[in-house]
Asker: 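Right, I'll just put the structure down here and ask away after.
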Protein chains: 2
Amino acid sequence: MPVKTLLWDKVDTETLPSIAEKLNNALREHSLIIIVCRCAINYAGRSRSILPEGDRVIMVKTNGSVLVHRPFGYSPVNWQPETSFVKFEADGDLLRMIAVRDSPREVLEANIQSIHTVMIVSGMRDEAKFTMYVSEKEVKDVIEEFPEIIEPGLKILEREKRVEDGIIDFLARDSKGRTVVIEVKDERAGIDAGKQLLRYVKALSKTGGEVRGILVAPGFSKGLIEFLERNGLEKVRYDQQRMLKLLDKVSEKQASKHPTLEEFIRRG
Amino acid sequence: MPVKTLLWDKVDTETLPSIAEKLNNALREHSLIIIVCRCAINYAGRSRSILPEGDRVIMVKTNGSVLVHRPFGYSPVNWQPETSFVKFEADGDLLRMIAVRDSPREVLEANIQSIHTVMIVSGMRDEAKFTMYVSEKEVKDVIEEFPEIIEPGLKILEREKRVEDGIIDFLARDSKGRTVVIEVKDERAGIDAGKQLLRYVKALSKTGGEVRGILVAPGFSKGLIEFLERNGLEKVRYDQQRMLKLLDKVSEKQASKHPTLEEFIRRG
DNA sequence: ATTTCAATGTCGCCT
DNA sequence: AGGCGACGTTGAAAT
């Protein structure tokens, strides 16, 4: 089913009840609706607000969520999250949109005085997976350059050291001379990451001396946190923002510039 | 200048460079642009993200802020706040939109494979003042019912008591038997509110005994805070959400129901 | 369903 | 510009 757009530029040739009916049909079919209009907005629920008459863009998405955008600003001035029930109705000279949501009970009302344009879009398909992205390699670049973000006094001995069992991300030494195994993840880490780290720590422990294991990740599953505590392993959380800032500094130092958007895309 | 809408339903009859030019003209004129299209989105800045091909709504607002909406969900999947620079360019079979923002440096790129619809809206006027709303009367209703939200042990003696100088919102007595003058504001309070309160306190002090003055408001200006401290007056901040919840309880008690949206609008 | 925690949070006010 | 706090926060994961 291809994307089909229904456009109205000359809404004034239609009666309001007929317009309301078409819009309600569009809602039933879960089409996306965009209305450019002059309207006043009232909201009552978690808070309450009034917005007198002005030109706005109203968007009703396929799940029934509603956004009211003023021409300026970034965020919607009023909205209704997706658990809403929406309907249009003609009331004298007004076209009214009412969007209701339960738990919490909230009502959004748009009193539309004049309609500039209506767009109804059906058949939109969007199956794509949205992914936030900082590569594991980049996180490692930062750690190699700034091992102190793991802990003060940490010295990196080797990066990507091969052992029988796999590849240790970092082999390091702490300020008290103890060996440290560091495992780096670019996503929220699960129990597997903990097991992997434990294997490396046990393997190195055989060669003698105390060995610490630190898991570095942007987040940790609940099960993993327990696992780490149970096995005397440690964790260090990083956030993307900080990592990206440090990555800039790494690039400056290495004169291999911070990857541009194009490079970033090429890498996938 | 009336709102003017330019619509394209059959964009395929135009060449990409011509479309890009029209869109760039619209940007120059600070028109609002809505594009329904099949596109892939890349973002790099405070974080980074990739979103492969799918049908989306792209909105560029008059201040250059950009929103990319999937057909579902409530919040935009990608965005760029208003300090952005935006341009469109044709690149082979693609129409590309690039939105750049400085401080922090951020780049949003939309690679548009096929355009379903383009809407360009110029001349939108929206001067209205958006106001969040809990009426002073309602705040007073809550305080009358629950004076303990001001401070434990407070007893209300009179509401809206006329004095020579004006009307005191509440005359009360604290747990130590001292007279308390309470002034209520429904908006962020400025220095005037403090002066008003001081007048009442001074007037009542003449009749003998220690008189406290408390200003109750959702917020206080910096100058006011200094003024209150200088004059030995007190302040109690409330937040709308809490007030609304308490207002529900007041309504239950009073059997004068929580006002509906309609009542709320009628009141203005 | 509820609670907790992070976020490209956003937004506003203040230093 | 940077820091702090509130928000109709939103959103995801865990209980």
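Note that the structure is a prediction, hence the values are computed from the model and not measured.
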Asker: A:T62 side chain to A:H30 main-chain N or O, any donor-acceptor pair under 3.5 Å?
Answerer: no
Asker: Closest nucleotide of DNA chain D for B:S103 versus for B:G73: which of these residues is on the 5' side?
Answerer: B:S103
Asker: Which pairs, with at least one residue in residues 227-237 of chain A and sequence neighbours excluded, count as a side-chain hydrogen bond (donor to acceptor under 3.5 Å, both in side chains)?
Answerer: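 Output for this query lists A:R212-A:E234.
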Asker: If you define the side chain from C-beta out and look only at heavy atoms, does anything of A:Q80 sit under 4.5 Å from A:V100?
Answerer: no
Asker: With P as the reference atom in both, quote the distance from D:dG8 to D:dC4 in angstrom, rounded to an integer.
Answerer: 22 Å
Asker: Take A:L215 and A:F220, measure what side-chain contact (heavy atoms from CB on, under 4.5 Å) needs, and give me the verdict at the end.
Answerer: CA-CA 9 Å; A:L215 190 55; A:F220 308 89; 4.2 Å; yes
Asker: For A:E144 and A:K140, what are the C-alpha separation, side-chain angles and deciding distance, and is it a salt bridge (charged side-chain N to carboxylate O under 4.0 Å, His left out)?
Answerer: CA-CA 6 Å; A:E144 190 167 15; A:K140 285 180 192 165; over 6 Å; no
Asker: Heavy-atom distance under 4.5 Å between the side chains of A:Y133 and B:S49, does that happen here?
Answerer: no
Asker: When every nucleotide of nucleotides 3-10 of chain C is labelled 5' to 3' by its protein contacts under 4.0 Å (heavy atoms), B for base, S for sugar-phosphate only, - for none, what sequence of letters results?
Answerer: ---SSBSS
Asker: Considering only nitrogen or oxygen atoms on both sides, find all protein atoms under 3.5 Å from nucleotides 13-15 of chain D and state each distance.
Answerer:
{"unit_1": "D:dA13", "atom_1": "O3'", "unit_2": "A:R188", "atom_2": "NH1", "d": "3.2"}
{"unit_1": "D:dA13", "atom_1": "O3'", "unit_2": "A:R188", "atom_2": "NH2", "d": "3.1"}
{"unit_1": "D:dA14", "atom_1": "OP1", "unit_2": "A:R188", "atom_2": "NH1", "d": "2.8"}
{"unit_1": "D:dA14", "atom_1": "OP1", "unit_2": "A:R188", "atom_2": "NH2", "d": "3.4"}

Asker: Can you tell me how far P of D:dT10 sits from NZ of A:K61, to the nearest Å?
Answerer: 14 Å
Asker: Rounding to a whole Å, what distance do you find between A:L67:CG and D:dT10:P?
Answerer: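 Whole-Å distance recorded here is 12 Å.
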Asker: Could you state the atom-to-atom distance from CG of A:D102 to P of C:dA1 in whole Å?
Answerer: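 Roughly 12 Å, once rounded to whole Å.
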Asker: Under 3.5 Å, is there a donor-acceptor pair between the side chain of B:K87 and the main chain of B:I98?
Answerer: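 Checked: no pair found.
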Asker: With no hydrogens and no angle check, is any side-chain donor or acceptor of B:R48 less than 3.5 Å from a backbone partner on A:L244?
Answerer: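 Absent.
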